Protein chains: 2
Amino acid sequence: MSNSEIDQLVQLLSKLPGLGSRSARRAMLFLVKHRESLLLPLGQALVSAADSIKTCKICGNLDTTEICSVCANEARDQKTLCVVEDVSDLWALERAGAFSGLYHVLGGTLSALDGVGPEDLQIESLLRRIGEGTVREVILALNATVDGQTTSHYLADRIEEVSGDLTISYLAHGVPVGGELDYLDDGTLATALKSRRKSN
Amino acid sequence: MSNSEIDQLVQLLSKLPGLGSRSARRAMLFLVKHRESLLLPLGQALVSAADSIKTCKICGNLDTTEICSVCANEARDQKTLCVVEDVSDLWALERAGAFSGLYHVLGGTLSALDGVGPEDLQIESLLRRIGEGTVREVILALNATVDGQTTSHYLADRIEEVSGDLTISYLAHGVPVGGELDYLDDGTLATALKSRRKSN
(Lines give C-alpha, C1' and ligand atoms only; values in the text may rest on other atoms or scores of the structure.)
Protein backbone atom coordinates (compact mmCIF):
# COMPACT_ATOMS: atom_id res chain seq x y z
CA MET A 1 0.00 0.00 0.00
CA SER A 2 2.68 2.39 1.05
CA ASN A 3 5.05 1.39 -1.66
CA SER A 4 5.24 3.23 -4.95
CA GLU A 5 6.32 0.23 -7.03
CA ILE A 6 3.47 -1.90 -5.73
CA ASP A 7 1.06 1.01 -6.21
CA GLN A 8 2.20 1.51 -9.79
CA LEU A 9 1.70 -2.19 -10.57
CA VAL A 10 -1.81 -2.13 -9.08
CA GLN A 11 -2.62 0.99 -11.09
CA LEU A 12 -1.46 -0.61 -14.34
CA LEU A 13 -3.43 -3.78 -13.61
CA SER A 14 -6.56 -1.78 -12.79
CA LYS A 15 -6.53 -0.35 -16.33
CA LEU A 16 -7.30 -3.79 -17.77
CA PRO A 17 -10.94 -4.27 -18.77
CA GLY A 18 -12.80 -6.18 -16.08
CA LEU A 19 -10.41 -5.27 -13.26
CA GLY A 20 -11.21 -2.43 -10.85
CA SER A 21 -8.83 -1.14 -8.19
CA ARG A 22 -9.92 -3.77 -5.66
CA SER A 23 -9.62 -6.75 -8.02
CA ALA A 24 -6.33 -5.33 -9.34
CA ARG A 25 -4.97 -5.45 -5.79
CA ARG A 26 -6.22 -9.00 -5.43
CA ALA A 27 -4.59 -9.92 -8.75
CA MET A 28 -1.35 -8.27 -7.62
CA LEU A 29 -1.25 -10.25 -4.34
CA PHE A 30 -2.01 -13.44 -6.27
CA LEU A 31 0.84 -12.63 -8.66
CA VAL A 32 3.31 -12.01 -5.83
CA LYS A 33 2.27 -15.25 -4.15
CA HIS A 34 2.91 -17.13 -7.40
CA ARG A 35 6.13 -15.36 -8.22
CA GLU A 36 7.95 -18.11 -10.09
CA SER A 37 4.95 -19.72 -11.77
CA LEU A 38 3.03 -16.62 -12.83
CA LEU A 39 4.48 -13.19 -12.01
CA LEU A 40 7.77 -13.60 -13.84
CA PRO A 41 6.41 -15.61 -16.83
CA LEU A 42 3.56 -13.12 -17.32
CA GLY A 43 5.94 -10.17 -17.17
CA GLN A 44 8.28 -11.77 -19.67
CA ALA A 45 5.41 -12.80 -21.95
CA LEU A 46 4.11 -9.22 -21.97
CA VAL A 47 7.49 -7.69 -22.70
CA SER A 48 8.08 -10.20 -25.48
CA ALA A 49 4.54 -9.67 -26.84
CA ALA A 50 5.09 -5.91 -27.01
CA ASP A 51 7.93 -6.64 -29.36
CA SER A 52 6.63 -9.56 -31.37
CA ILE A 53 2.86 -9.20 -31.83
CA LYS A 54 2.09 -7.46 -35.10
CA THR A 55 -1.06 -6.42 -36.91
CA CYS A 56 -1.43 -8.37 -40.17
CA LYS A 57 -0.79 -6.05 -43.12
CA ILE A 58 -3.57 -7.65 -45.15
CA CYS A 59 -6.50 -8.31 -42.82
CA GLY A 60 -5.71 -6.60 -39.49
CA ASN A 61 -5.55 -9.83 -37.44
CA LEU A 62 -2.94 -10.10 -34.68
CA ASP A 63 -0.05 -12.49 -35.08
CA THR A 64 3.71 -12.67 -34.64
CA THR A 65 4.29 -12.51 -38.38
CA GLU A 66 3.75 -9.60 -40.78
CA ILE A 67 1.17 -11.67 -42.67
CA CYS A 68 -1.08 -13.56 -40.25
CA SER A 69 -1.48 -17.33 -40.35
CA VAL A 70 -5.02 -17.05 -41.77
CA CYS A 71 -3.94 -14.87 -44.71
CA ALA A 72 -0.80 -16.97 -45.26
CA ASN A 73 -2.81 -20.21 -45.44
CA GLU A 74 -3.28 -20.84 -49.16
CA ALA A 75 -5.63 -23.76 -48.47
CA ARG A 76 -8.29 -21.31 -47.30
CA ASP A 77 -11.04 -20.16 -49.66
CA GLN A 78 -9.58 -17.03 -51.27
CA LYS A 79 -12.92 -16.14 -52.87
CA THR A 80 -14.87 -15.46 -49.68
CA LEU A 81 -14.10 -12.45 -47.48
CA CYS A 82 -15.66 -12.03 -44.05
CA VAL A 83 -15.70 -8.46 -42.71
CA VAL A 84 -15.67 -8.19 -38.89
CA GLU A 85 -15.53 -5.26 -36.48
CA ASP A 86 -12.72 -6.43 -34.27
CA VAL A 87 -10.00 -9.07 -33.87
CA SER A 88 -12.06 -10.70 -31.10
CA ASP A 89 -14.89 -11.31 -33.62
CA LEU A 90 -12.40 -12.92 -36.01
CA TRP A 91 -11.22 -15.21 -33.20
CA ALA A 92 -14.83 -16.06 -32.27
CA LEU A 93 -15.54 -17.13 -35.87
CA GLU A 94 -12.29 -19.13 -35.98
CA ARG A 95 -13.25 -20.87 -32.73
CA ALA A 96 -16.63 -21.78 -34.24
CA GLY A 97 -14.63 -23.42 -37.04
CA ALA A 98 -17.41 -22.92 -39.57
CA PHE A 99 -15.66 -20.51 -41.94
CA SER A 100 -12.70 -21.28 -44.14
CA GLY A 101 -12.38 -18.05 -46.11
CA LEU A 102 -10.39 -14.89 -45.39
CA TYR A 103 -11.14 -12.04 -43.01
CA HIS A 104 -10.97 -8.27 -42.96
CA VAL A 105 -10.92 -6.46 -39.61
CA LEU A 106 -12.57 -3.01 -39.80
CA GLY A 107 -11.31 -1.83 -36.43
CA GLY A 108 -14.71 -0.57 -35.23
CA THR A 109 -17.98 0.77 -36.59
CA LEU A 110 -19.08 4.11 -37.97
CA SER A 111 -20.42 6.16 -35.10
CA ALA A 112 -21.56 9.76 -35.31
CA LEU A 113 -21.69 9.95 -31.51
CA ASP A 114 -18.10 8.81 -31.02
CA GLY A 115 -16.92 10.76 -34.07
CA VAL A 116 -15.82 7.66 -36.00
CA GLY A 117 -15.96 8.30 -39.75
CA PRO A 118 -15.16 6.04 -42.75
CA GLU A 119 -11.55 7.29 -42.79
CA ASP A 120 -11.00 5.93 -39.24
CA LEU A 121 -11.84 2.37 -40.32
CA GLN A 122 -10.03 -0.07 -42.63
CA ILE A 123 -12.50 0.60 -45.46
CA GLU A 124 -10.12 1.78 -48.18
CA SER A 125 -7.97 -1.33 -47.74
CA LEU A 126 -11.13 -3.48 -47.88
CA LEU A 127 -12.22 -1.88 -51.18
CA ARG A 128 -8.69 -2.32 -52.53
CA ARG A 129 -8.74 -6.04 -51.67
CA ILE A 130 -12.15 -6.43 -53.33
CA GLY A 131 -10.95 -4.41 -56.33
CA GLU A 132 -8.23 -7.00 -57.00
CA GLY A 133 -11.02 -9.22 -58.36
CA THR A 134 -10.41 -12.57 -56.60
CA VAL A 135 -13.18 -12.16 -54.03
CA ARG A 136 -16.62 -13.43 -55.15
CA GLU A 137 -18.55 -13.04 -51.89
CA VAL A 138 -18.29 -10.55 -49.03
CA ILE A 139 -19.93 -11.58 -45.74
CA LEU A 140 -20.65 -8.53 -43.59
CA ALA A 141 -20.41 -10.16 -40.14
CA LEU A 142 -20.75 -7.00 -38.08
CA ASN A 143 -22.41 -6.97 -34.67
CA ALA A 144 -26.20 -6.76 -34.62
CA THR A 145 -26.10 -3.32 -33.02
CA VAL A 146 -27.40 -0.06 -34.51
CA ASP A 147 -23.85 1.10 -35.29
CA GLY A 148 -22.96 -2.31 -36.72
CA GLN A 149 -25.99 -2.37 -39.01
CA THR A 150 -25.43 1.23 -40.16
CA THR A 151 -21.86 0.34 -41.03
CA SER A 152 -23.05 -2.81 -42.89
CA HIS A 153 -25.36 -0.73 -45.10
CA TYR A 154 -22.66 1.84 -45.76
CA LEU A 155 -20.17 -0.90 -46.66
CA ALA A 156 -22.65 -2.62 -48.97
CA ASP A 157 -23.12 0.65 -50.90
CA ARG A 158 -19.39 1.27 -51.17
CA ILE A 159 -18.66 -2.33 -52.24
CA GLU A 160 -21.32 -2.17 -54.97
CA GLU A 161 -19.66 0.94 -56.38
CA VAL A 162 -16.35 -0.92 -56.68
CA SER A 163 -17.60 -4.26 -57.95
CA GLY A 164 -21.17 -4.80 -59.08
CA ASP A 165 -21.10 -8.55 -59.69
CA LEU A 166 -20.12 -10.03 -56.31
CA THR A 167 -22.43 -11.38 -53.63
CA ILE A 168 -22.86 -9.41 -50.42
CA SER A 169 -24.34 -11.39 -47.52
CA TYR A 170 -25.15 -10.95 -43.84
CA LEU A 171 -25.21 -13.30 -40.86
CA ALA A 172 -28.69 -14.74 -40.18
CA HIS A 173 -30.67 -13.40 -37.25
CA GLY A 174 -32.71 -15.82 -35.17
CA VAL A 175 -33.01 -17.94 -32.07
CA PRO A 176 -29.58 -18.82 -30.64
CA VAL A 177 -28.86 -22.57 -30.66
CA GLY A 178 -29.85 -23.85 -27.22
CA GLY A 179 -31.80 -20.66 -26.54
CA GLU A 180 -35.23 -20.55 -24.90
CA LEU A 181 -37.94 -18.51 -26.57
CA ASP A 182 -39.19 -17.20 -23.25
CA TYR A 183 -35.93 -15.38 -22.59
CA LEU A 184 -35.51 -13.87 -26.06
CA ASP A 185 -36.16 -10.22 -26.83
CA ASP A 186 -39.08 -9.29 -29.09
CA GLY A 187 -36.89 -8.10 -31.95
CA THR A 188 -35.05 -11.41 -32.23
CA LEU A 189 -38.26 -13.40 -31.99
CA ALA A 190 -39.93 -11.29 -34.69
CA THR A 191 -36.91 -11.70 -36.98
CA ALA A 192 -36.73 -15.46 -36.33
CA LEU A 193 -40.43 -15.76 -37.19
CA LYS A 194 -40.09 -13.67 -40.36
CA SER A 195 -37.06 -15.71 -41.51
CA ARG A 196 -38.71 -19.07 -40.70
CA ARG A 197 -37.58 -22.07 -42.78
CA LYS A 198 -39.87 -24.57 -44.46
CA SER A 199 -39.51 -28.12 -43.15
CA ASN A 200 -38.01 -30.30 -45.85
CA MET B 1 -6.11 -17.71 -31.76
CA SER B 2 -3.81 -19.72 -33.92
CA ASN B 3 -0.67 -18.30 -32.46
CA SER B 4 1.15 -20.00 -29.61
CA GLU B 5 2.64 -16.82 -28.14
CA ILE B 6 -0.76 -15.09 -28.03
CA ASP B 7 -2.34 -18.25 -26.64
CA GLN B 8 0.27 -18.50 -23.92
CA LEU B 9 -0.29 -14.88 -22.89
CA VAL B 10 -4.07 -15.40 -22.74
CA GLN B 11 -3.54 -18.53 -20.66
CA LEU B 12 -1.31 -16.71 -18.18
CA LEU B 13 -3.77 -13.82 -17.91
CA SER B 14 -6.68 -16.21 -17.36
CA LYS B 15 -4.95 -17.53 -14.22
CA LEU B 16 -5.44 -14.17 -12.51
CA PRO B 17 -8.32 -14.11 -10.02
CA GLY B 18 -11.38 -12.51 -11.60
CA LEU B 19 -10.36 -13.22 -15.19
CA GLY B 20 -11.77 -16.18 -17.09
CA SER B 21 -10.62 -17.25 -20.55
CA ARG B 22 -13.01 -14.85 -22.29
CA SER B 23 -12.09 -11.81 -20.22
CA ALA B 24 -8.40 -12.76 -20.47
CA ARG B 25 -8.73 -12.59 -24.25
CA ARG B 26 -10.44 -9.22 -23.95
CA ALA B 27 -7.66 -8.01 -21.64
CA MET B 28 -5.06 -9.29 -24.09
CA LEU B 29 -6.61 -7.42 -27.04
CA PHE B 30 -6.85 -4.30 -24.90
CA LEU B 31 -3.17 -4.67 -23.99
CA VAL B 32 -2.09 -5.07 -27.61
CA LYS B 33 -4.14 -2.01 -28.60
CA HIS B 34 -2.41 0.01 -25.89
CA ARG B 35 1.04 -1.34 -26.57
CA GLU B 36 3.15 1.66 -25.59
CA SER B 37 0.99 2.95 -22.76
CA LEU B 38 0.11 -0.32 -21.05
CA LEU B 39 1.48 -3.58 -22.52
CA LEU B 40 5.16 -2.72 -22.25
CA PRO B 41 4.98 -0.80 -18.93
CA LEU B 42 2.93 -3.60 -17.33
CA GLY B 43 5.35 -6.25 -18.57
CA GLN B 44 8.33 -4.31 -17.26
CA ALA B 45 6.62 -3.57 -13.94
CA LEU B 46 5.90 -7.29 -13.48
CA VAL B 47 9.44 -8.37 -14.32
CA SER B 48 10.84 -5.74 -11.97
CA ALA B 49 8.33 -6.66 -9.24
CA ALA B 50 9.36 -10.32 -9.46
CA ASP B 51 12.83 -9.17 -8.53
CA SER B 52 12.19 -6.38 -6.05
CA ILE B 53 9.06 -7.20 -4.03
CA LYS B 54 9.99 -8.92 -0.79
CA THR B 55 8.09 -10.31 2.16
CA CYS B 56 8.89 -8.36 5.33
CA LYS B 57 11.02 -10.52 7.66
CA ILE B 58 9.22 -9.24 10.72
CA CYS B 59 5.51 -9.01 9.89
CA GLY B 60 5.01 -10.68 6.49
CA ASN B 61 3.86 -7.52 4.67
CA LEU B 62 5.00 -6.97 1.07
CA ASP B 63 7.46 -4.20 0.28
CA THR B 64 10.61 -3.57 -1.73
CA THR B 65 12.75 -3.58 1.42
CA GLU B 66 13.64 -6.47 3.72
CA ILE B 67 11.89 -4.71 6.61
CA CYS B 68 8.61 -3.17 5.44
CA SER B 69 7.81 0.53 5.84
CA VAL B 70 5.29 -0.19 8.61
CA CYS B 71 7.79 -2.15 10.75
CA ALA B 72 10.56 0.35 9.97
CA ASN B 73 8.46 3.31 11.12
CA GLU B 74 9.52 3.94 14.73
CA ALA B 75 6.78 6.53 15.20
CA ARG B 76 4.19 3.74 15.20
CA ASP B 77 2.88 2.31 18.45
CA GLN B 78 5.25 -0.59 19.16
CA LYS B 79 3.04 -1.88 21.99
CA THR B 80 0.03 -2.86 19.91
CA LEU B 81 0.16 -5.78 17.50
CA CYS B 82 -2.64 -6.47 15.05
CA VAL B 83 -2.80 -10.05 13.71
CA VAL B 84 -4.36 -10.38 10.23
CA GLU B 85 -4.90 -13.31 7.88
CA ASP B 86 -3.48 -11.82 4.73
CA VAL B 87 -1.55 -8.89 3.31
CA SER B 88 -4.76 -7.59 1.75
CA ASP B 89 -6.30 -7.29 5.24
CA LEU B 90 -3.25 -5.33 6.41
CA TRP B 91 -3.68 -2.98 3.46
CA ALA B 92 -7.40 -2.60 4.16
CA LEU B 93 -6.64 -1.57 7.76
CA GLU B 94 -3.94 0.83 6.57
CA ARG B 95 -6.40 2.38 4.11
CA ALA B 96 -8.89 2.87 6.95
CA GLY B 97 -6.09 4.79 8.70
CA ALA B 98 -7.48 4.00 12.15
CA PHE B 99 -4.60 1.88 13.43
CA SER B 100 -1.10 3.09 14.21
CA GLY B 101 0.43 -0.04 15.73
CA LEU B 102 2.29 -2.92 14.11
CA TYR B 103 0.97 -5.91 12.19
CA HIS B 104 1.58 -9.62 11.91
CA VAL B 105 0.43 -11.49 8.78
CA LEU B 106 -0.56 -15.10 9.53
CA GLY B 107 -0.75 -16.18 5.92
CA GLY B 108 -4.14 -17.88 6.23
CA THR B 109 -6.32 -19.60 8.79
CA LEU B 110 -6.30 -23.03 10.36
CA SER B 111 -8.47 -25.30 8.26
CA ALA B 112 -8.97 -29.01 8.80
CA LEU B 113 -10.69 -29.29 5.40
CA ASP B 114 -7.82 -27.70 3.48
CA GLY B 115 -5.22 -29.42 5.66
CA VAL B 116 -3.78 -26.20 7.07
CA GLY B 117 -2.24 -26.77 10.50
CA PRO B 118 -0.53 -24.37 12.94
CA GLU B 119 2.89 -25.16 11.42
CA ASP B 120 1.70 -23.79 8.03
CA LEU B 121 0.97 -20.33 9.49
CA GLN B 122 3.26 -17.66 10.90
CA ILE B 123 2.35 -18.58 14.47
CA GLU B 124 5.80 -19.39 15.89
CA SER B 125 7.16 -16.02 14.70
CA LEU B 126 4.12 -14.30 16.24
CA LEU B 127 4.73 -15.96 19.62
CA ARG B 128 8.43 -15.04 19.37
CA ARG B 129 7.54 -11.37 18.73
CA ILE B 130 5.16 -11.40 21.70
CA GLY B 131 7.77 -13.18 23.84
CA GLU B 132 10.15 -10.24 23.40
CA GLY B 133 7.97 -8.38 25.88
CA THR B 134 7.35 -5.03 24.17
CA VAL B 135 3.82 -5.83 23.00
CA ARG B 136 1.06 -5.00 25.53
CA GLU B 137 -2.01 -5.68 23.38
CA VAL B 138 -2.69 -8.19 20.60
CA ILE B 139 -5.69 -7.44 18.36
CA LEU B 140 -6.86 -10.60 16.61
CA ALA B 141 -8.33 -9.01 13.45
CA LEU B 142 -9.13 -12.23 11.59
CA ASN B 143 -12.05 -12.55 9.23
CA ALA B 144 -15.45 -13.24 10.82
CA THR B 145 -15.62 -16.67 9.19
CA VAL B 146 -15.75 -20.03 10.94
CA ASP B 147 -12.09 -20.71 10.11
CA GLY B 148 -11.09 -17.19 11.14
CA GLN B 149 -12.86 -17.48 14.50
CA THR B 150 -11.41 -20.96 15.16
CA THR B 151 -7.94 -19.60 14.48
CA SER B 152 -8.61 -16.61 16.76
CA HIS B 153 -9.49 -18.91 19.66
CA TYR B 154 -6.46 -21.12 19.03
CA LEU B 155 -4.18 -18.05 18.89
CA ALA B 156 -5.66 -16.61 22.09
CA ASP B 157 -4.85 -19.87 23.90
CA ARG B 158 -1.30 -20.00 22.55
CA ILE B 159 -0.64 -16.32 23.34
CA GLU B 160 -1.85 -16.75 26.92
CA GLU B 161 0.63 -19.61 27.37
CA VAL B 162 3.50 -17.33 26.31
CA SER B 163 2.50 -14.18 28.10
CA GLY B 164 -0.28 -14.08 30.67
CA ASP B 165 -0.44 -10.36 31.34
CA LEU B 166 -1.17 -8.81 27.93
CA THR B 167 -4.55 -7.80 26.54
CA ILE B 168 -6.05 -9.88 23.74
CA SER B 169 -8.84 -8.16 21.82
CA TYR B 170 -11.09 -8.77 18.82
CA LEU B 171 -12.71 -6.50 16.24
CA ALA B 172 -16.27 -5.55 17.18
CA HIS B 173 -19.16 -7.19 15.34
CA GLY B 174 -22.16 -5.11 14.41
CA VAL B 175 -24.05 -3.12 11.82
CA PRO B 176 -21.69 -1.82 9.11
CA VAL B 177 -21.52 1.98 8.95
CA GLY B 178 -24.06 3.05 6.30
CA GLY B 179 -25.67 -0.38 6.40
CA GLU B 180 -29.42 -0.98 6.37
CA LEU B 181 -30.89 -3.32 9.00
CA ASP B 182 -33.28 -4.84 6.46
CA TYR B 183 -30.41 -6.25 4.41
CA LEU B 184 -28.34 -7.61 7.32
CA ASP B 185 -28.16 -11.29 8.16
CA ASP B 186 -29.68 -12.54 11.42
CA GLY B 187 -26.34 -13.37 13.04
CA THR B 188 -24.97 -9.85 12.61
CA LEU B 189 -28.22 -8.29 13.84
CA ALA B 190 -28.27 -10.52 16.93
CA THR B 191 -24.63 -9.69 17.71
CA ALA B 192 -25.21 -5.96 17.18
CA LEU B 193 -28.18 -6.08 19.55
CA LYS B 194 -26.25 -8.04 22.19
CA SER B 195 -23.29 -5.63 21.99
CA ARG B 196 -25.52 -2.51 22.08
CA ARG B 197 -23.98 0.63 23.58
CA LYS B 198 -25.63 2.90 26.14
CA SER B 199 -26.30 6.43 24.89
CA ASN B 200 -24.02 8.83 26.79
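In this text the structure is predicted, and so the values were computed from the model without any measurement.
By the rule that hydrophobic residues join a cluster once side-chain heavy atoms approach within less than 4.5 Å of another member, B:F99 and B:L62 end up as members of one cluster. A single hydrophobic cluster is not seen to contain both B:L171 and B:L189; linkage of ILVMFWY side chains at heavy-atom distances under 4.5 Å, directly or through other members, places them apart. If you chain together hydrophobic residues whose side chains sit under 4.5 Å apart, A:L93 and A:V70 fall into the same group. Using a 4.5 Å cut-off between side-chain heavy atoms of Ile, Leu, Val, Met, Phe, Trp and Tyr, with links allowed through other members, A:I58 and A:V162 fall into different hydrophobic clusters. Hydrophobic clustering (side-chain heavy atoms under 4.5 Å, transitive across Ile, Leu, Val, Met, Phe, Trp, Tyr) groups A:V116 together with A:L127.
Of the inter-residue distances, the one linking A:Q8 atom CD with B:Q44 atom CD reads 9.5 Å to the nearest 0.5 angstrom. Note that the CG atom of B:L40 and the CG atom of A:L46 stand 9.0 Å from one another [nearest 0.5 Å]. Rounded to the nearest 0.5 angstrom, B:L16 CG and A:H34 NE2 are separated by 10.5 Å. To the nearest 0.5 Å, atoms CG (A:L19) and CZ (B:F30) are separated by 10.5 Å.
Atom CG of A:D186 sits in a sparse spot, with 12 or fewer heavy atoms from other residues, nucleotides or ligands closer than 6.0 Å. Around atom CG of B:D185, more than 12 heavy atoms belonging to other residues, nucleotides or ligands sit under 6.0 Å away.
Looking at A:R35, only its side chain comes within 4.5 Å of chain B, counting heavy atoms on both sides. When heavy atoms are compared at a cutoff of 4.5 Å, B:L90 does not approach chain A at all.
When all heavy atoms of B:P17 and A:R26 are compared, the closest pair comes out as CB-NH1, 3.8 Å. Taking both residues in full, the closest heavy atoms of A:I53 and B:M28 are given as CD1-CE, 4.4 Å, listed atom of the first, atom of the second, then distance. Considering every non-hydrogen atom in both A:S52 and B:E5, the closest pair reads OG-OE2, 2.9 Å. What you find for B:L39 and A:A49 is that their closest heavy atoms are CD2-C, 4.2 Å. The minimum heavy-atom distance linking A:S88 with B:L29 is given by the pair CB-CD1, 3.3 Å.
The shortest distance between side-chain heavy atoms of B:L42 and A:L9 falls below 4.5 Å.
Of the listed residues (A:L13, A:V87, A:L38), the greatest number of heavy-atom pairs within a distance under 4.5 Å of chain B belongs to A:L38. Among B:D51, B:V32, B:T55, the residue making the largest number of heavy-atom pairs under 4.5 Å with chain A is B:V32. Chosen from B:S23, B:A27, B:A50, the residue pairing most often with chain A at heavy-atom distances under 4.5 Å is B:A50. Between chain A and the residues B:P41, B:G43, B:A45, the largest count of heavy-atom pairs under 4.5 Å involves B:G43.
Of the charged side-chain nitrogens involved, at least one lies within less than 4.0 Å of a carboxylate oxygen, so that B:K33 and A:D86 count as a salt-bridged pair.
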